[in-house]
Each structure stands twice: as C-alpha cells, then as structure tokens.
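Written below as structure tokens is the structure these notes are about.
In what follows, every chain begins at residue 1, and chains take the letters A, B, ... in the order their sequences are listed.
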Amino acid sequence: MFQLHYPALKPLTTAHLAQTMSLLSLTAGELRQQIEQELAANPALELLEERRCPTCRRLLQGKSVCPVCSRPKDENSAEPVVFISPRDVFVGSGGGGLEASDEPEDAYAAGVEELSQYVFRQIAPDLKPEDRPLAAHLLTSLDEDGLLATPLLELARYLHVSVGRLQAVQRLIQLADPVGVGSSSVEEALLVQLEVLKEKCAVPPLAERVIEEGMALLSRRQYDELARVLGAPVQQVKAAARFIGENLNPYPARSAWGETRPSRPRASEVYYQPDMIISRLNDYPDGPLMVEIILPIFGTLRVNPLYKQAIQESDAEHKDALRGDLERAALFVKCIQQRNHTILRLMQRVVALQRDFILHGEQYLRPITRASLARELEVHESTISRAVANKAVQLPNGKIIPLSSFFDRSLNVRAVLREIIHAEARPMSDAELVGKLAERGYHVARRTVAKYRAMEGILPSGLRQPDF
DNA sequence: CTATGGCACGGATT
DNA sequence: AATCCGTGCCATAG
C-alpha cells in the first residue's frame, strides 16, 4: 500500500486524487456534512477544538477571522489577500444559527426557509450579536410573499424589546436582497425598493406619492381618479404607475423581477449561502481585496496521536484494522488540505483578474475560461471545473452570486446591453442594438441580442415604451 | 416588409 | 462524452 508520513502537497495516490476531486466540488455546507460523517465513522480522526488559522497556523483567540492573515502586507498591493477562515455554516434546513423548522411540508415552505437563511446571511455582518435572535425571529415570521404579517408592535411585546430596536433590525432586512423583504405591508416594501432604486436611476417624481396615497386606486388601475386625488396630470400618474409596475415587486419573495403573473423562480440556480466572501480591506478603494474562504468547521482536523500510539501497543490481530482507519484519516486530512490549497490559489488568481468586475459591476467582467485558468495554475481543467462548481461568492456589495459567473462569457455584454437600452431615448430594434454594441467593441449577431434581451427580461422594442 | 421568437446545428467548453 | 452557447434559417405576428 502507500506510506503514511509525507508532507508533500501533490497527490501521490489514485485514492487521494479521487477523493480530493470529489471534495473539491462540494459546497461549504456539504463539506461540513462530509467531515462530520467521517469524524463519526473514523475514530482515528480528531477535531482539535482550539482554533487555529488554517492558513498561517496561528492561534485564533475567539476571533473567527485570523488577525494576521487579514492584515495587509502592503496597503497598495494589487494582489488580493486570500485566507481561509472558519465560519458558521447552515447545513441544509437544519442546524446553524437560525432555528429551522423540521422537514418542510411542501416546496413553498422550503422556499421560504431558504429565503430567510439567505437574508440572514447577508445581514449577519451588520448585526449586533444581541440583535441576532431578533432578526432570526422576524425572518421566520415571514409569509410566503416575503412580507411580515404580524404587526411589529405585537412582535415587540412578545419579544420584550422596544419597537425602535425591532424597527432597526427590520430596516436592515428590508435593504437586503430581495429588496423590501420583511416589510409590514406591500406599500412599505415598494417604498423601500423605490428608495434603493433612486440611488441608481431616475425615478418618476410622483411614484412615491402614488404608493403612499393611492395604492388601492393603483391596483384597480383607476388612473383618472388617482390623478384627481393627487392633483397631478394623468400623464404623469400613468408614467409613475408604469414605472412601478415594471421595476418594483410588491411581493419580495417572488423574486421574478419584471414580469408579474407567472412567478418564474429565475431560471438557473439561486444560491443563498456563500462559500467565499470577498470584501474590501478597510474602505480604501484601491486597497487589496480580502477573500475569505469559508471553512465549515472550527478547530483543526488531524489524525489522533493517541490512536497512532495505540497501534504500537495492540497485538498483531487488531493492527490491520486499526491501520486501515489511520490511513483513511490521514488521507482525509490531506484531501481537505489539498482542497483548501486549490481553492485558495484559484481565488487568488480569479480575484486578481476580475478585480474590476468585483468592485465596479458586470460591465467589467473579463471573459475568462476555466481552461485558461487551468493553464495558468498548471492544474487539470477538470480540477478548476470542480472547484468552481456549486460554489457561491459574496461580493463587497453584499450580492451573492455563483462562482461560475466569473467565467460567464456573455455577462459583460449583457450588462452593456442593459445599459444601452436603459439610456435609449426611443426603443431600438435588436438590429440597431447590434450596431450600438459593435460601437463599443462587442460583436454579436442579431439573434444573440434577442437572446440576451430575453435573459435580462427586457421586452421587445415594440412593447417597451411606445410613447415618451 | 420588418422585427422577433422557435428550432436546430456546430463548435467551444467543461 | 456531455453540455452549453452563439448563430442561421424560417415561420409568424404586427
């Protein structure tokens, strides 16, 4: 068989290779399950409770983030700081910091449960520890539309906290994605969305008042009456109404933005929990980025030294069985190390390459293929594939996106397309859009523009805005 | 006649 | 080897 004691980093056996590969494609949550399972099955494996930074091996005193690794070596370095950090991980629908309902009865309940975790994960960093239970309580009280059915006042009395404190927590939740979630009413949700949107683009001046004062009339589409009540021209009211209809979502949990009726749960996969977190160090805009790779267990995983010792002392009959465990444990630990190492290198390179995308948005995404990265890092393509698969990263702006987005060949073109359409004075046909894109250096076929439009949920030119 | 969406094919990517 | 993606052709709607 193979020997036990070697500090080498490269895989030396086929078993090692196979296991590393399978571990590589796992989510942080799945990895945790895997580790727990192995820990339970194999007595030779041990979890040392003391918390050491897996990257630099220094002791972590109570902190979940390594104080040494997170400190920048050089403030102006373009290279990102990457380190591995143990963190709370929610596994499936149970366990973790959020008390979860047992088996979800139906798909809908499961959706709600996932949403609450998704939101919780986003706001957790901004939450004071003593407010955590409050947030958890609010989030579990959401109805299937993502709204809070119980009045805040009642909840405050039940939880024995001031309404003001609860409001602060609610506010945090509302600003998380999907924006408006956790609001006490449809109006409130819409207003929050409006507020957020205002920072990014122009909003019809009347929109706010329409929501505040004329929700009932708005939903019945009685624009004339609405205009009379508000004392404003019908034309403006209609414009505001259309804006609301197109850009706001009264039911935050139904995340199908844009289209209203058929609640399409946004085609591809939706991730709720990041496996890596990218944030900017300090607030220094040109400073290095910090990448935190989530290690789903606290403490250090290692082969139990007592077990090694026990082998020496046991008789020949049991030795083989014990040795088997020992080998498996050593292998397992090594695979985990290998996994960390690979992901670390991957992220280091990816973040350096896609820095602009991470900081400034989708337009700046550079089309990178997994294959090209594999060549740079001198690993097999499939290694990158697995490392990228099933993972989500949280960007500095709080958005959680699949890691595979970093390798999306068309994301940047789609972003530019959105931008062009958003800025257009008059609806342009797909053919015209081809021209506009070409001006900016993106050469795509007419048919492809149509596809991108559909992906972004943008209506065809005829239906976009006939007037204006 | 023009603008779009459906189907399907070929090449790249995984 | 399987899958995804961009594109061309053609039917259809306006």
Margin query: Looking at A:Arg228 and A:Glu225, is any side-chain nitrogen of the basic one under 4.0 Å from a carboxylate oxygen of the acidic one?
Written below: yes
When A:Lys451 and A:Ala431 are each assigned the nearest nucleotide of DNA chain B, the 5'-most assignment goes to A:Ala431
message: Taking 4.0 Å as the cut-off, does a side-chain nitrogen or oxygen of A:Tyr452 come that near to OP1 or OP2 on C:dC5?
response: no
**OP:** May I ask you to say what A:Val444 touches in the nucleic acid, namely base, sugar-phosphate or nothing, with a heavy-atom cut-off under 4.0 Å?
**Re:** sugar-phosphate
request  = Please check if atom OH in A:Tyr442 has more than 12 non-hydrogen atoms from other residues, nucleotides or ligands closer than 6.0 Å.
outcome  = yes
Here the distance between atom C1' of B:dT4 and atom CD1 of A:Ile421, to the nearest Å, is 14 Å
Atom CE of A:Met455 and atom P of C:dC5 are separated, to the nearest Å, by 7 Å
Expected output: side-chain A:Glu327 to main-chain A:Gly324 donor-acceptor under 3.5 Å = no
Original post:
Is A:Lys198 reaching over with its side chain to a backbone N or O of A:Val196, donor-acceptor style, under 3.5 angstrom?
Top reply: no
A:Leu411 CG to C:dC5 P, in whole Å, measures 11 Å
Atom CD of A:Glu381 and atom P of C:dA1 are separated, to the nearest Å, by 16 Å
Side chain to side chain donor-acceptor pair (under 3.5 Å) test vs A:Asp430 passes for just one of A:Arg447, A:Arg446, A:Arg453, namely A:Arg453
message = So, OP1 or OP2 of C:dT7: does either fall under 4.0 Å of a side-chain N or O from A:Thr448?
response = yes
- Should the pair A:Glu424-A:Lys436 be classified as a salt bridge under the 4.0 Å nitrogen-to-oxygen rule? no
From NE2 of A:His443 across to P of C:dT7 the rounded distance in Å is 11 Å
A:Asp408 CG to B:dT14 C1', in whole Å, measures 14 Å
Distance col, row A:Leu175:CG vs A:Glu195:CD, nearest 0.5 angstrom, shows 6.5 Å
Separation of C:dG6 atom P from A:Asn412 atom CG, nearest Å, is 11 Å
Within the 4.0 Å heavy-atom criterion, would you say A:Ser410 contacts the bases, only the backbone, or no part of the nucleic acid? sugar-phosphate
In B/S/- notation (B base, S sugar-phosphate only, - none; protein heavy atoms under 4.0 Å), nucleotides 9-14 of chain C written 5' to 3' is B-----
From CZ of A:Phe406 across to C1' of B:dT14 the rounded distance in Å is 19 Å
Within residues 362-374 of chain A, those residues having any heavy atom closer than 4.0 Å to DNA chain B are A:Thr369, A:Arg370, A:Ala371
- Item | Short side-chain to backbone donor-acceptor contact, A:Asp275 and A:Thr27, under 3.5 Å | no
* Asked: Does the pair A:Phe243 and A:Leu197 meet the rule for a side-chain contact (heavy atoms from CB on, under 4.5 Å), with working shown?
  -> CA-CA 11 Å; A:Phe243 181 86; A:Leu197 227 53; 3.8 Å; yes
* Please work out if A:Arg453 contacts a base, only the sugar-phosphate, or nothing of the nucleic acid, heavy-atom cut-off 4.0 Å. => sugar-phosphate
